[in-house]
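The next block holds one structure in the form of C-alpha cells; read it before the comments.
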Amino acid sequence: MREMLKIVISLFAIFVGAGLILSYVYAKTSTVIYNAQVREKEAALKKMSPEAEKINVAGKWLLYEKPNEYYEAKKGNKVISYIASTTGKGYSSYIKILVSTDPDLKIKAIDILSHSETPGLGDEIEKKDFKKQFEGKVLENIELLKVETKDKIQAISGATISSRAVTKGVKEAVKLLNEKYGKGLSKE
Amino acid sequence: MLEDIGIIFIASALINNFVFSRYLGLCIFFGVTKRMETAIGMSITFTSVMVISAALSWLVYYIIMIPLNLGFLKIVIFIGIVSGFVQAADTIMKKVTPGLYYKLGIYLALIVTNCIILAVPLINASEKYNLLQSLTFGLGAGAGFSLALVIMASIRERLELADVPKSFEGLPISFVLTGLIALAFLGFSGMIPL
Amino acid sequence: MNEKINYWKIFKNGIFSENPVFRLALSLCPAVAVTSGVKNGFLMGVAVLFVQTMSNITVSIIRNFIHPKVRIPSYIFIIAAWVTVTDLMMAAYARDVYKEMGLYIQLIVAFAIILSRLESFASKKNVLPSGVDGLGMGFGFLIALVLIGFVRELLGKGALWGYQFTPTKPLLIMILPTGGFFVMGLLMGFFNWINRRFFGGKASADVHMEAHRHGSH
Amino acid sequence: METKAEKREKQLLVSIGPHIGSEESIPRIMWAVSISLLPAFIISVYYFGLRAIAVVGVSVLSCVIFETITQKMLKKKVTISDGSAFLTGLLLGLNLPSSIPLYQPVIGSLVGIVITKHLFGGLGYNIFNPALIGRTFMLITWPRPMTTWYKPVAGITTMDAITTATPLGILKEDGIGKLIETFGDKMNLYINLFLGNRAGSLGETSVIVLLIGAAFLFYRGYITWHIPFSFVGTVMALTWIFGGKGGLFAGDPILHLLSGGLILGAFFMATDYVTAPAIRKAQIVFGIGVGALTVLIRLKGGYPEGVMFGILLMNCFSPLLDRAFKAIPFGTIKRK
Amino acid sequence: MLNFRGGIHPPENKWFTEEKPIVDAKLPKKVVIPLSQHTGTPCKAIVTIGQDVKKGQRIGEPNGYVSSPVHSSISGKVISIGNFPHPSGKDSPSVVIEGDDRDEWSEGIKERPDYLSLGNDELRKIVMEAGIVGLGGAAFPTHIKLSPPKEKKIETVILNGAECEPYLTSDHRIMVERPNDVFEGLKIIMKILDVTKGYIGIEDNKPDAIETMKEIASSEPGIEVVALKVKYPQGAEKQLIKAILDGEVPSGGLPMDVGVVVQNVGTAVAVYDACRYGKPLIERIITVTGRGVNEPKNLRVRIGTPFSDLLAECGGFRNDPGKVIAGGPMMGIAQTTTEIPVIKGTSGIVVLTRKETEQVEYCPCFRCGRCIDACPMGLQPSILSILIERGRYQEAKENNLFDCFECGSCAYVCPAKRPMVQFMKLGKLFLSPKKG
Ligand SMILES: Cc1cc2nc3c(=O)[nH]c(=O)nc-3n(C[C@H](O)[C@H](O)[C@H](O)COP(=O)(O)O)c2cc1C
Ligand SMILES: Cc1cc2nc3c(=O)[nH]c(=O)nc-3n(C[C@H](O)[C@H](O)[C@H](O)COP(=O)(O)O)c2cc1C
Ligand SMILES: Cc1cc2nc3c(=O)[nH]c(=O)nc-3n(C[C@H](O)[C@H](O)[C@H](O)COP(=O)(O)O)c2cc1C
Ligand SMILES: Cc1cc2nc3c(=O)[nH]c(=O)nc-3n(C[C@H](O)[C@H](O)[C@H](O)CO)c2cc1C
Ligand code: SF4
Ligand code: SF4
Ligand code: SF4
Ligand code: SF4
Ligand code: FES
C-alpha cells in the first residue's frame, strides 16, 4: 500500500511539475504563435494590396471542398481592391493562392501561399514570370495555353498540370468576385 | 464521403507511404526486416496498434483535450495513451490469448518508443480528421507499413545470398535498397493531390 | 584535470564511437526526413540536443525521487514535456522551418536514443556528467544531420544554408525522399569503407543496432 | 604408340556429370538480345538522325566503362564481354528522348550500373532493372529534358527541332479527339504508331521492328510468353474496360498497345531474368501486376506513361512472388 | 505422348551404334571382378589366390540382406585379391582372374525348360543365386525388389526400355534382337510378384523396337508396350511411373509405395537367362561409343573386362579424347584411367573429345529459370545451388535437396554453366550424418 502510494506520488509530482513548466511555456508562446499567424496572414493580404488601409473579410466560399475567403480592401471608405483566397488542384497537392483585383475586377496580382508540387517542375508556379502573366487579365482572358501568348496564360513547359491548377483556381476566384461584385457575368 | 475515405487510404498506404515517402518507422523497418517471420509479426501488431491508438487518441483529443483547451499537451497525452494501451494490451493478451501473445508479444514491447505509432494520432490531429477518417488513416498507414515490411523482408532474404561489397553489407545496402523502392513508389505520385 | 579529461571523453563518445545515427543506427527517421538542407538538419539537431540535455539533467536531478517501478513512464513523461517545450518554442520563434519539420520535432519524444541515454547514463550519474553526455549525444546527432543535409542540399539544390550558388539544381532527386535514402546508404558505406580501410575496424552499425534492440527492451 | 596412349590417358579429364551441356551461355543470350534490338536501333537512327547514335553510343559506352571500373575496384573479374552491361546501356539509350543532353545518360548509366547492379553484387543479384532505374533517376532529376520530345523526321542527318507531345501525352492532356485530329484519322494514327512515326523514346516508337526482335527471342527460347503476354493482355483488357471517357468498355486498347513503351517494356525489359520472378506461375502474376500498374498510372497517375514504374514496382515484388509460388516438388502430397 | 513435367532434350547421338547388332567381345585375357557391383554391402571373397575357377562359379558370397553374389565370368586362375580401381572412382576389393582361354562352364549350371512350373520362392532364389542386379544403372539387387514387404501390394510391373541417356543403345539392341526373351523375363517377374499387369515403356526414338515389341505384346494378355516422349530422364523410374501410370511416388518414397516395380529390359533378359538356362550374371551388353573412339559398337561383354580391352577392340581412341565415361554422358562417371573393369551396372563407355568437354568457368546464377523448368523433381535447383554455395546446407535441406536424384538436367541447361550436380552432392555430403 505504502509502495503504491509512493508510486502515485512520484508520478503525480512529475506530472504536476511538468504541467507547471508546460503551462508556463504555453502561456508565453501561445500568444506569440497566435500573433505570428495573424501577422503572417495580414502580411500576405497586405502584399496583395499595399495601399489599402483596411482589409476586411467579406465572405467565405468553398473550392474543391477547401475553405476559402474573400476580402474587400479599403482605403478610407473606398474599396480599392477585392482579394480572394482560392485553391488549385495541382499535380501532387492542393495549391493555396491569393488573387487581388482592382474594383473593376481586373487582376492586380496573384500569389502562391503554399503547395507541395514537385521541386524543380511544379514549383515554378512560384516564379515571378509566371505570376506576372495574370496581371491585368479579366475573366475571359484567364485561360491556359501551351503556346506562346500575350493575352492568355502560357503554361510552364513540363508543368502543365500545376499551371492549369493555378489558372483554374484563379479563374474560379475571379468568377466568384464577378458574381459578387460584377455587373453580370460577362461585363461588356 | 466514401471516395474521401478511399483517397485517404490509398494516399496513406501508397502515395505517402510512411516508410518510402514520409521517412517514418525507419528504425523498426530496418531492424525487423531481416526475416520474413518477424516482419509479418510486426506488420500485424503495428497495424492493430495504429488503428486502435488512432481511435483512442481521437476520442481523448476531441472529447477531453479540445474542450479543455489542452491541445498543446497532445505530445504528452498521446504518448501516454499509446504506452498505456500497449501496456494494457500486453497484460490482456498474456491472460486471454497466451498463444498469440507468445507470437506477437515481443513486438509489442518495441512499439512504445516508436515514432510511427505516435505519428498517426499527431497527423490525425493536425489534419483535423474526423473519427472515420482517423481510423482509415491509421489503417492505411498500417497497411502501407506492412507492405513495406513484407517487401523489404523478401528482398533482404534474397540479398543475404548476394555478393554485396563488404562495406555495404547490412544497413548501407538496405538504405540504398529503400531508396530504390522509394524511387519506384514515385510512380504513384501525382495520382491524387493531397 | 582528471575530471576534465573525463568530460571530454563523455562528450566525444556521442560524436564518434557511439554516434547515434551512423554507429548506433537509432533515430533514423529524422536523420533522413529533415535533412534536405543544412539549416533544417541543424535546427533539428539543436532541438534534439536541447531535449537530450535537458532530459538528462532533469532525470539526474530527480533520479532519487523517481520510483524504480515507474521509471520508464516517468522518463517518457519528462521527455514528452521537454519536447513540448521545444515544439512550442519553435512554433513561436522559428515559424518557417517549423512548417516543414513540425511533425518530426514532435516525434523526438519517440526517439529510442533519448530514452536509452536516460536509462543507461543519466539515471546513474550526477548532473554535470549527465548534462555533458546529453550534449555529446546531441552534438553527435547534430553533426550527423548537418553532414547529411550538407550533401543533400549541395547536390540537390546547389545551395548551402539556403544560399544558392548554382543557377540550376544539379541533382534534384537528392532532396526527394529517394535521395535521402541514397545519401544515407552511401555515406554509411563510405564510413564503413574508411573504417575498414584505414582503421581496420569492424563497421556495420547493424551490430550495434541488434545490441540496442535487445539491450533496451 | 604405347607411350602416346599413356600420355593421353594422363590427360583425361574428370569431373562430376553431366559431361555434356547445352550450348547456351550468358554471353550468347545477352548478345542475342542485343542483336534483337538492332532493328529498333536502326529505325531510331532513321527517324531521329545521328542524334540517336550519339545517345545510344554514350549510354552503351558509359555502362561498359562503369562496369569495368567497378569490377576493378571491387577486385572482381571484369566481365564486360558477357554483354550484360552493353545490353543495359543499349536499353537505357533506347529509352531516352533524342534530345537529351549527352552528359545525362552518363549519370543514368552510373546509377544503373554502379548503384543498382554492382552495389547489390553484380550480375544476377540486382533487385531492380538497371536500365530502368537509370532512366527513372534521370526522369526525376531532369524532368524537363526527359519529357521533351521531338518530332521524328526520316533521314539520317536531319535534326529538325520541332518539339511535340507524345501520343500518350496528348491523350492524357487533351483526350483522344485531339490525338486523332493530330494524325488525320484513326487508321492513320494506328499505322503511324505501328511504324513508329511518332514522338517518343528512341527505341520504343516502332512497334513492328520491336516485334521482329521479340519474335527472334521467342524463336531462340530466350523469352517465354508468360511475362509479355500477361502484361500486354492486362494492359489491353484494363484500358478497354476503364480507358474510355464514356463509361466502361469504351477504351481503345489498340491505341494503348501501340503507344508508349509497352512493347519495348513487355518483351525486352519486364522479361529481364534477373529482376523478374523465375517461377513461371509467378511470372504470370508479375505480368498482370505490371500491366495493372501501367494502366493505373497511364489513366490516373501523374505521368502519361506507366510502363517504367510498373516494371520497377513489380521488381520489388519479384522475390515475394517467387516465394509465394515456390515450385512443388515431385511427389509432394499437396495439402489443401 | 506419355510424358512427365520437366526434363531436357540433349542431342541424342545414338546414330553411332543404334543400327549395329550386338557382337561378342573378344574373350578377355584377364578380368578384374569387384566384390561390390551392387547397391548394398560388398560380397565376401570365397576363393583364394592360385585357385582355379570356372565360368559361372561363385567367387563372392553375399554379405547381409541387401547384397548379391558375384561369379567368375571366365575360366582360369585367381591371381590376386585386393583393392583395384572401380568405375565409381574409388578403389574397391576385387578378385583378379587370369583366363585359360577354355571358357568352361562351372558344373552347377543347369537348364530348366520347365522353369514356368517352379514356385515363386524358387524363382526368387534362382534370381538371387544368379547375382542379378538392376542393369539400368543403379544396380540394386533384383531379388529384393522382387520380395516386397507384405503391406505393399504390387499391382504393376514396368519394364524400362526408355534408354534416355544420349549415345547409349544397348537396351535398344536387346529389344530388337531378343524381344521374346525380354517378354519371357517380364513374365517371370510378373509371376514372382503375382501381378497381371505389365508395361514396357520405350522412348519414341526407337520405332523398330516399339514395333517389334508391340507385335509380340499383341498376343500377350496383360502386357502393354507404350511409346514414351523422347526426353531425358524419361528412364528415371519415378518419371517413368508418372508418364505411364500418372502415379507420383511420394517424396522420399519408392515405386512400391504406389504398387509398382520397375526393371530394366536388360535385367528382364538376365532373369530369363538365369531361370531358363541357369546362367548367372556374368556378361552384359554395353555400348562403346562417342566421337573419341574409332569404331563404336554394341558389345556383349564379360563382367570384369577392362575398358582398355574394349576400347582397343573398337579401334582405339580417335581425335583428342577428353573424357572416358562409364555410363552415359549425363549420369555416368568420368574415369581417370582405362584400366577399370566393366561391372554389372556399366551400361556403356562413352568417349568424348576434348573439344566436347571443354570446361568453362562458371558464373553466378542469373535466375533465368531454365533449371526450374528442367528439373524433373520439381525442385528449384538455382536456389539450392546458391544456398549450398553459401554454405547454408540446412536451408537447402528445407528446400527438398534430398529429393534431387542428381540427374543433371539442371546443370545441362544452365547458361551460367554452374556445376549444379556437384553442388547437390556437396550439400548432401555435408548434411549426411557422418559429417555431423
Ligand atoms: C518527376 C516528375 C514530376 C512532375 N511534377 C510535376 C508537377 O509538379 N507539376 C506539373 O504540372 N507536372 C509535373 N510533371 C509532369 C507531368 O507528368 C506532365 O508530364 C506535365 O504536366 C505535362 O506538361 P507538358 O505538356 O508541358 O510537358 C512531373 C513529371 C515528372 C516526371
Ligand atoms: C520500357 C519503357 C518504360 C517507360 N516508362 C515510362 C514511364 O514510366 N514514364 C514516362 O513518362 N515515360 C516512360 N517511357 C518513355 C515513354 O514510353 C514515352 O517516351 C513517353 O512517356 C510517352 O510515350 P508515347 O509516345 O506513348 O506518348 C518508357 C519507355 C519504355 C521503353
Ligand atoms: C536420371 C535417371 C535416368 C534413368 N534412366 C533409365 C533408363 O532410361 N532406363 C533404365 O532402365 N533405367 C533408368 N534409370 C534407372 C531407373 O530409375 C531404375 O532404377 C531402373 O529402371 C530400375 O531397373 P533395374 O533395377 O532393372 O535397373 C534411370 C535413373 C535415373 C536416375
Ligand atoms: C531477356 C532479357 C532482358 C533483359 N532486359 C534488361 C533490361 O531491361 N535492363 C537491363 O539493365 N538489363 C537487361 N538485361 C540484361 C541483364 O539481365 C541485366 O544486365 C542484369 O539485370 C544485370 O544484373 C536483359 C537480359 C535478358 C536476357
Ligand atoms: S541407364 Fe542411363 S541411358 Fe539407360 S535408361 Fe537409365 S538413364 Fe537412360
Ligand atoms: S540434378 Fe537434381 S536438381 Fe538438378 S534437375 Fe536433376 S533432380 Fe533436379
Ligand atoms: S539419388 Fe543418388 S543414390 Fe539415389 S539413385 Fe540417384 S544417384 Fe543414386
Ligand atoms: S539455369 Fe543456371 S542461371 Fe538459370 S536459373 Fe538455373 S542456375 Fe541460374
Ligand atoms: S523509427 Fe526510429 S526514429 Fe522513427
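Values in this document were obtained by computation on a predicted structure and should not be read as measured data. By convention in this document, chain letters (A, B, ...) are assigned in the order of the sequence lines, proteins followed by strands, and residues within each chain are numbered from 1.
Each of B:Leu73, B:Ile181, B:Val19, B:Thr178 has some count of heavy-atom pairs under 4.5 Å with chain C, and the biggest count is that of B:Thr178. For chain B, the option among C:Pro177, C:Ala80, C:Gly179 with the highest count of heavy-atom pairs below 4.5 Å is C:Pro177.
C:Phe77 is not listed as a side-chain neighbour of B:Ile79, based on a closest heavy-atom distance of 4.5 Å or more. Residues B:Phe168 and C:Asn192 fail the side-chain proximity criterion, which asks for heavy atoms closer than 4.5 Å. Proximity of B:Phe72 to C:Asp87: side-chain heavy atoms (C-beta onward) are nowhere separated by under 4.5 Å.
Proximity to chain B (any heavy atom under 4.5 Å) is restricted, for C:Ile173, to the side chain, taken from C-beta onward. Heavy atoms closer than 4.5 Å to chain B are found in the backbone of C:Ala81, but not in its side chain. Proximity to chain C involves both the backbone and the side chain of B:Leu180, based on heavy atoms less than 4.5 angstrom apart.
Rounding to the nearest 0.5 Å gives a distance of 11.5 Å between OH of C:Tyr104 and CG of B:Leu122. For the atom pair C:Met184 CE and B:Leu26 CG, the distance stands at 8.5 Å (nearest 0.5 Å). Taking CD1 of B:Ile116 as the start and CG of C:Leu107 as the end, the distance is 10.0 Å to the nearest 0.5 Å. Atom OG1 in C:Thr84 sits 4.0 Å away from atom CD1 in B:Ile75 (nearest 0.5 Å). To the nearest 0.5 Å, the span separating CZ on B:Phe185 from OG1 on C:Thr178 amounts to 11.0 Å. The CE atom of C:Met188 sits 13.5 Å away from atom OG of B:Ser167, with the distance rounded to the nearest 0.5 Å.
For CE of C:Met89, the number of neighbouring non-hydrogen atoms (other residues, nucleotides, ligands) closer than 6.0 Å is 12 at most. Annotation for C:Phe65: atom CZ counts as buried by contact number, over 12 foreign heavy atoms lying within 6.0 Å. At most 12 heavy atoms of other shown residues, nucleotides or ligands fall within 6.0 angstrom of atom CZ in C:Phe150.
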task = Report the C-alpha distance between B:Phe29 and C:Leu28 in whole Å, list the side-chain angles of each, state the deciding distance to 0.1 Å, and finish with yes or no for side chain to side chain contact (heavy atoms under 4.5 Å, CB included).
result = CA-CA 10 Å; B:Phe29 177 70; C:Leu28 294 168; over 6 Å; no
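Ring to ring, B:Tyr23 and C:Phe181 are close: their centroids are under 6.0 angstrom apart.
Contact detail for C:Cys29 and B:Cys115: the closest heavy-atom pair is SG-SG, 3.3 Å. Between C:Phe182 and B:Val176, the shortest heavy-atom contact is CE2-O, 3.6 Å.
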